[in-house]
Amino acid sequence: MLLRSDSAPDQLLPGTDRLLRFTAAARWAHHATAILAGVCIFTAACLYISPLSQLVGRRPLVTVVHEWSGIALPVPVLVGMVSRALRSDMRRLGHFASHDRRWLRAAVRRTGTSNIPSGKFNAGQKLYASWTAGAGLVMVGTGLLLWFPELASLPVRMGATFVHDWLALTIAVVLAVHIWKAAGDPGAREGMRRGTVSRTWANREHRLWRREMDGYTDEDPLTDTLTDLRTDASRTQTGGKRRDPARTPPQ
């Protein structure tokens, strides 16, 4: 069964070949979080890399900016949660279905994921979101122990320093991979920049979500593992319900 959005009717753009993928609130939360994460990584580099530290200078100010940008990291998402669409996206990111497990198996085995139907977010995006949220919480917790050393004993602070430093490096690498993947997908970048994507891109990358947005009523969408994009323009009405051209039997 498809996990439907609370605001699915608002995501249809009648008379166009576009679907509303992300609302303004979701895009703002993403961009604000990205800026804060970038500030955290840059200021951390200034504190740990001597040439960069000497170039920037003003170490106390850099430390303060690093601390407060880290504390503020969860704020954009928490503020954006007033949006029903963003709350729906958060539920989607936390929901793993059978097609997500198929997607992960195909990714691990490197057999290709293009024929595995995905919802609004594929399994890789869901794992990335979950890992980032967990890593962010750990960074905030360990950062507080370093900011307020009186809260813990010396061994605990040493452990927190070790975790904070190495996890920060890991986050930087994962974020670099995330940016690299986004750079290779113009459709995904357009969805985050403008909020809308083409039905062709949605059908190729997130077929189950495209069906949901177009109002299809497939009971078992996982039986379809092939897509014929040429039939996307031949959508018809059948008994008051749309028939998915991707499920039309070959002639």
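Remark: side-chain polar atoms of Ser88 are not paired, donor with acceptor, to backbone N or O of Arg84 under 3.5 angstrom. Listed for the Arg18 side chain is a donor-acceptor partner under 3.5 Å among the backbone atoms of Thr196. Panel note: side chain Arg87, backbone Val82; a donor-acceptor pair is recorded below 3.5 Å. Not one N or O on the side chain of Arg59 forms a donor-acceptor pair closer than 3.5 Å with the backbone of Ser53.
Listed here is the closest heavy atom pair of Thr33 and Pro76: OG1-CB, 3.5 Å. When all heavy atoms of Ile116 and Ala106 are compared, the pair lying nearest together is CG1-CB, 4.2 Å. Considering all non-hydrogen atoms of both residues, Ser69 and Val65 come closest at OG-O, 2.8 Å. Across Arg21 and Val197, no two heavy atoms sit closer than the pair CD-CG1, 3.8 Å. Annotation for Ala72 and Leu36: closest pair O-CD1, 3.3 Å, computed over non-hydrogen atoms. Closest heavy-atom contact between Leu145 and Ala160: CD1-CB, 3.9 Å.
Looking at Leu167 and Thr142, their side chains never come closer than 4.5 Å, going by heavy atoms from C-beta outward. Between Trp209 and Arg92, the closest side-chain pair of non-hydrogen atoms falls below 4.5 Å. Using a 4.5 Å cut-off on side-chain heavy atoms (C-beta onward), Asp89 and Phe121 make contact. Residues Trp103 and Lys126 are not in side-chain contact: their nearest non-hydrogen atoms beyond the backbone lie 4.5 Å or more apart. Contact of the His178 side chain with the Lys181 side chain is not registered, since no non-hydrogen atoms from C-beta on lie closer than 4.5 Å.
The 12-atom threshold is exceeded at CZ of Arg189, counting heavy atoms of other residues, nucleotides or ligands nearer than 6.0 Å. At most 12 heavy atoms of other shown residues, nucleotides or ligands fall within 6.0 angstrom of atom CE in Met158.
Rounded to the nearest 0.5 angstrom, Met139 CE and Ile171 CD1 are separated by 4.5 Å. Between Leu144 atom CG and Leu151 atom CG the span is 8.0 Å, to the nearest 0.5 Å. Expressed to the nearest 0.5 Å, how far NE2 of His30 lies from CE of Met192 amounts to 4.5 Å. Note that OG of Ser198 and CZ of Arg210 are 11.0 Å apart. Values are rounded to the nearest 0.5 Å. Asp100 contributes atom CG, which lies 11.0 Å from atom CZ of Arg105 (distance to the nearest 0.5 angstrom). For the atom pair Asp185 CG and Glu190 CD, the distance stands at 10.5 Å (nearest 0.5 Å).
Under the 4.5 Å side-chain contact rule for hydrophobic residues, Val39 and Leu61 share a cluster. Following chains of ILVMFWY side-chain contacts shorter than 4.5 Å, one cannot reach Phe22 starting from Ile179, and the two form parts of different hydrophobic clusters. Hydrophobic clustering of Ile, Leu, Val, Met, Phe, Trp and Tyr side chains at less than 4.5 Å, counting indirect connections, keeps Val174 apart from Leu73. The cluster map of Ile, Leu, Val, Met, Phe, Trp and Tyr, joined by side-chain heavy atoms under 4.5 Å apart, puts Leu175 and Val138 in the same cluster. A continuous path of hydrophobic side-chain contacts links Phe148 to Ile71 [ILVMFWY only; heavy atoms under 4.5 Å].
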For a side chain to side chain contact (heavy atoms under 4.5 Å, CB included) check, start with the C-alpha distance between Leu146 and Thr161, then their side-chain angles and the critical distance, and finish with the verdict. CA-CA 7 Å; Leu146 302 180; Thr161 301; 3.0 Å; yes

What verdict does the side chain to side chain contact (heavy atoms under 4.5 Å, CB included) test give for Leu154 and Arg157, after you've listed the backbone C-alpha separation in whole Å, the side-chain angles of each residue and the deciding distance to 0.1 Å? CA-CA 5 Å; Leu154 179 59; Arg157 295 200 305 272; 3.5 Å; yes

Give the intermediate values and the outcome of side chain to side chain contact (heavy atoms under 4.5 Å, CB included) for residues Thr170 and Trp131. CA-CA 11 Å; Thr170 305; Trp131 184 88; 3.7 Å; yes

Test side chain to side chain contact (heavy atoms under 4.5 Å, CB included) applied to Leu169 and Asp165, step by step: CA-CA 6 Å; Leu169 180 60; Asp165 292 351; over 6 Å; no

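Ring geometry, His66 versus His164: the interplanar angle exceeds 60°, so the pair is classed perpendicular (tilted spans 30 to 60°).
His206 pairs in a side-chain contact (heavy atoms from CB on, under 4.5 Å) with only one of the listed residues (Gln125, Glu212, Lys120), which is Gln125.
Taking the ring centre of Phe96 as origin, the terminal cationic atom of Arg102 falls outside the region bounded by 6.0 Å and 45° from the ring axis.
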